[in-house]
Amino acid sequence: MQTNHPFTYQIPEKFQDFLRVGMRVVVEFGNGNRKIQGFVTGLTDEYSGEHQLKSVIDVLDLNPVLSDEAMAMADWLTQRTFAFKIRCLQVMLPNAMRASYRKTLKLTGKIKDPALAALFNEQSEIEFNPQKLASTQLNQIEKLRKANQVEIVYHVDDRAKSKFVWAFKAQMSVKELQTVKKTLRKNAVKQKRLLDFLITNHEQEFVQSDVTRENNFTANDLKTAAEKGWITRYQIEKYRNPYQVDQVQPSTSKKLTAEQAHATDAVDQAINEAQAATFLLEGVTGSGKTEVYLQIIQHALAQGKSALMLVPEISLTPQIVRQFKARFGDQVALLHSALSDGERYDEWRRIENGDAQVVVGARSAIFAPIKNLGVIIMDEEHETSYKQEDMPRYHARDVAQWRGKYHHCPVVLGSATPSLESRARAQKGVYQWLRLTKRINGKALPQVQLVDMRQAGRYAPTTDISQELATEIQKKLALNEQVVLMLNRRGYSSFLMCRECGEVIKCPNCDISLTYHKDTNSLKCHYCGHEEPVPQVCPNCHSKAVRYFGTGTQRVEKELTELFPNVRILRMDVDTTRRKGAHERILDEFGKHHADILLGTQMIAKGLDFPNVTLVGVLNADTSLGLPDFRASERTFQLLTQVSGRAGRAEKEGNVLIQTYNPDHYAIQYARRQDYEHFFAKEMHVRHQGGYPPYYYTVQITASARKETDAAQKMFQIRGEIVNYLSQNAVILGPTPQSIMRINNRYYYQLVIKYKNEPQLENYLQNLLLTSQKEERNGLQIVIDRDPMNFI
DNA sequence: AGCACGCCGACT
DNA sequence: GTCGGCGTGCTC
């Protein structure tokens, strides 16, 4: 916070002509004059402040890497998310363009100490990494530095390096080449061949390595050809090609249903009229949302505009990518986390240069340097992964709407199960509401059956698999069809549930599940701070089977192999997908039917499309219901609806089995019927009662410190202050300790404010950031999160 | 984040 | 009188 403002530097004469806002520079900073990377945020002819100005050391760019739009967006983001400006600027750029800082030790005198001499090992400059050195060594180095024997040198490395390749093109005219050909020696076969090649392929540009390989020329042949003036050779930028999607078959527009056509037309019209409108495209699974997206993008391209398509990280699978590449070919640029820094940088450059007009990517792709935007599409709009969980804590949806306004282009939010916030806005007419109610193949949604685990528990073959599910799996295996099993890992073992009656222990004040704290063996409410000891018996049915809840994919896998000894199982969870491309490989294996059962966590719920899958089983629907979060029902409903959509995508009928301890819960009941509308109505009622979004806005303030009392005290102090700035209508929840109260020996306390219209709040919060800087020295950290997604 | 400075206790 | 640890303030 102390450095969260611009610093003024003098521009040396040599940079004065071309230095512009949005460029990266290297400057000296601080007492030690270490070199750091900075961004030019403004230029002025005069300086009247009292500071002694330092000079810009170096300029890293020939052209601004941050456009005017990016600069404006960073300003807005800083305000909106209570983040540091520098973080907002950095989030706009690919990692590779963020400098890496290095320190080296440079020898300027003679070293006598043998230990230090060994460290230098005859070299005059070595890497300097204070953490890796013993304190005695550091002391010696410090002495040497004071005696001017060694010097610490700071480096700023720009890691953004483009790859270049040689290319060439005929320089002489066809006629000239033919005359040259006649003057050649009789036995100059190769040169003749080259000339023929140039004559037949006149006007074309070639990459040298392609030609030498395919036509048996050498690099030297081309070099001499260039010297003789037959061709010109030059370097062109080569982009690394991520996701080598093996030669996709180009696809063409499919015929739209009436509903699809209506939706497409509405957005197309907004594109034509350059309207910054937001659309909510609500379409049941299998209603052909993707084709609508594709045609909208097509339309934008036809208008000479570009398009930005956001997809949740988890569903950015080759299957999805292939669909876009098939329709738009090389115009597509892909941005997602599995890319290496180099690949990401190349894609970024392609977008910036205008070589790619369609950007497909996950959350951070919303900042892609795309120009002339015609439309922004956000698929699976309700996904919580669109919210970044660290600074700057932005929601891609908000950024999308900001950019929509800036570019005067529509924003399309698509989902089968929209977030309550979006759906409520659509209903109010803030968003334009487009609906796809029918499935493309005309098939009914798959049959969903609930298995009541309270009953099933007594005769189930294993802890996690009921008799019903086991029988159903057996049937499908006999038919040589495939099965997807999902283990809901959300809320893993953090709440208490009765195995007999399904009762989840809730807070008497908040109607939110209590969270189990192992350290104190107690239950705490993270909303109001209520605390009670862990009950010995269930308060509802007095059974002793009160457990905290949780299970792992490994255990289920073991159970499955016991039940079905010869079955081939693929496991997909964070453990098996950590390596690059693993995700893809597992899905590919399963698609080729190299396995009968795919067992995984949430990640299998999204966007997979396997025609041979006829059974989807959900092992534990309840875990996400028990989360101490007012969005628990919404998340559970969304997850179950989504995973149910995975069954019977093609010719074969599919069915879905959901194992649950709460078969009567409305989220599960409505998910069973795939009934979003009734779920929405019911959940809106619940939110209204509790005073939660979308009826109220929320802001979460978190304090953390080494000492628990420091964090708690600060939060109570903030609470005391904040009441003076709030009206009667606002509600303050907490302060309460967070469920994982201690992470890395830091204690976390939080406070949530629910409000509708509080003009003073914004000011208070901005001010809080400023004033909390003093305490930050003592290790106290304050984080403000607007519209938080996680309350845990 | 990272550096320097200054205060203070420990040690020569 | 000196060294080193640690808290505090500053960075154009």
Side-chain angles (χ1 to χ4, degrees), chain A residues 1-13 15-16 19-60 78 82-91 93 95 98-106 113 116 127-157 159 390-392 704-707 710 714 744-746 769-783:
Chain A
M1 205 61 216
Q2 285 122 309
T3 52
N4 188 32
H5 56 87
F7 288 81
T8 311
Y9 283 82
Q10 187 155 49
I11 310 168
E13 193 125 16
F15 298 137
Q16 274 176 13
L19 194 71
R20 273 179 285 154
V21 169
M23 286 183 178
R24 295 172 302 154
V25 289
V26 177
V27 292
E28 290 182 332
F29 191 72
N31 278 327
N33 274 338
R34 64 189 206 278
K35 283 182 195 148
I36 57 162
Q37 187 195 77
F39 296 93
V40 180
T41 60
L43 295 167
T44 173
D45 284 339
E46 48 200 36
Y47 176 73
S48 53
E50 69 265 35
H51 287 290
Q52 178 67 39
L53 300 191
K54 293 178 185 174
S55 279
V56 170
I57 302 291
D58 203 357
V59 179
L60 292 173
T78 310
F82 307 99
F84 300 144
K85 181 74 169 277
I86 191 83
R87 297 293 201 88
C88 296
L89 292 168
Q90 282 168 339
V91 80
L93 293 177
N95 243 335
R98 231 176 286 168
S100 69
Y101 301 113
R102 275 189 314 130
K103 281 190 281 190
T104 55
L105 275 183
K106 198 171 170 187
D113 186 90
L116 280 175
E127 290 292 317
F128 179 44
N129 221 335
Q131 285 105 346
K132 284 188 182 163
L133 296 172
S135 61
T136 49
Q137 279 176 311
L138 282 176
N139 287 338
Q140 285 170 305
I141 289 167
E142 183 60 20
K143 259 183 219 154
L144 290 172
R145 200 174 68 85
K146 283 205 173 117
N148 282 328
Q149 301 279 292
V150 298
E151 184 187 357
I152 298 175
V153 188
Y154 298 93
H155 303 265
V156 177
D157 295 340
R159 292 176 297 140
D390 42 48
M391 211 198 258
S704 68
R706 293 240 170 258
K707 282 195 343 218
D710 287 354
K714 182 70 193 171
N744 273 335
N745 277 323
R746 293 188 72 85
L769 276 186
L770 278 172
T771 51
S772 64
Q773 59 173 291
K774 283 235 167 68
E775 285 110 325
E776 200 138 335
R777 252 303 166 210
N778 308 323
L780 189 96
Q781 266 177 40
I782 306 271
V783 171

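Only this structure's heavy atoms are used, side chains among them; waters, hydrogens and symmetry mates stay out. Numbered from 1 within each chain, the chains take letters A, B, ... in sequence-line order.
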Next on the checklist: Heavy atoms only, 4.0 Å cut-off, all strands: where does A/E28 land among base, sugar-phosphate and nothing?
Outcome noted: sugar-phosphate

Next on the checklist: Ignoring hydrogens, what is the shortest heavy-atom contact between A/K85 and A/N4? Give both atom names and the distance.
Outcome noted: N-OD1, 3.0 Å

Checklist outcome for this item: Between CD of A/E50 and C1' of C/dC12 the distance, given in whole Å, is 10 Å

Item to check | Student check: side-chain heavy atoms of A/T3 and A/I86 closer than 4.5 Å | outcome: no

Next on the checklist: When you compare the side chain of A/V27 with that of A/F7, does any pair of heavy atoms fall below 4.5 Å?
Outcome noted: no

Checklist entry - With a 4.0 Å cut-off on heavy atoms, is A/Q52 in touch with a base, just the backbone sugar-phosphate, or nothing at all? => result sugar-phosphate

Next on the checklist: Closest approach to the side chain of A/T3, judged atom by atom: which nucleotide of B/dA1, B/dA4, C/dC12 is it?
Outcome noted: B/dA1

Item to check | Distance in angstrom units between A/I57 CD1 and C/dC12 P, rounded | outcome: 11 Å

Next on the checklist: Nearest whole Å is fine: how far is B/dG2 C1' from A/F7 CZ?
Outcome noted: 13 Å

Next on the checklist: I'd like to know if the side chain of A/K54 reaches the main chain of A/G30, judged simply by a donor and an acceptor atom lying under 3.5 Å from each other, with no hydrogens or angles considered.
Outcome noted: yes

Next on the checklist: Whole angstroms only, please: what is the OH-C1' distance between A/Y9 and C/dT11?
Outcome noted: 8 Å

Item to check | Spacing between A/I86 atom CD1 and B/dA1 atom P, to the nearest angstrom | outcome: 14 Å

Checklist outcome for this item: Atom CD1 of A/I36 and atom P of B/dA1 are separated, to the nearest Å, by 13 Å

Next on the checklist: Without decimals, in angstroms, what is the distance between A/F29 CZ and B/dG2 P?
Outcome noted: 12 Å

Item to check | Spacing between A/E46 atom CD and C/dC12 atom C1', to the nearest angstrom | outcome: 16 Å

Checklist outcome for this item: 5'-most contact on DNA chain C (nearest-nucleotide basis), A/N31 vs A/S55, goes to A/N31

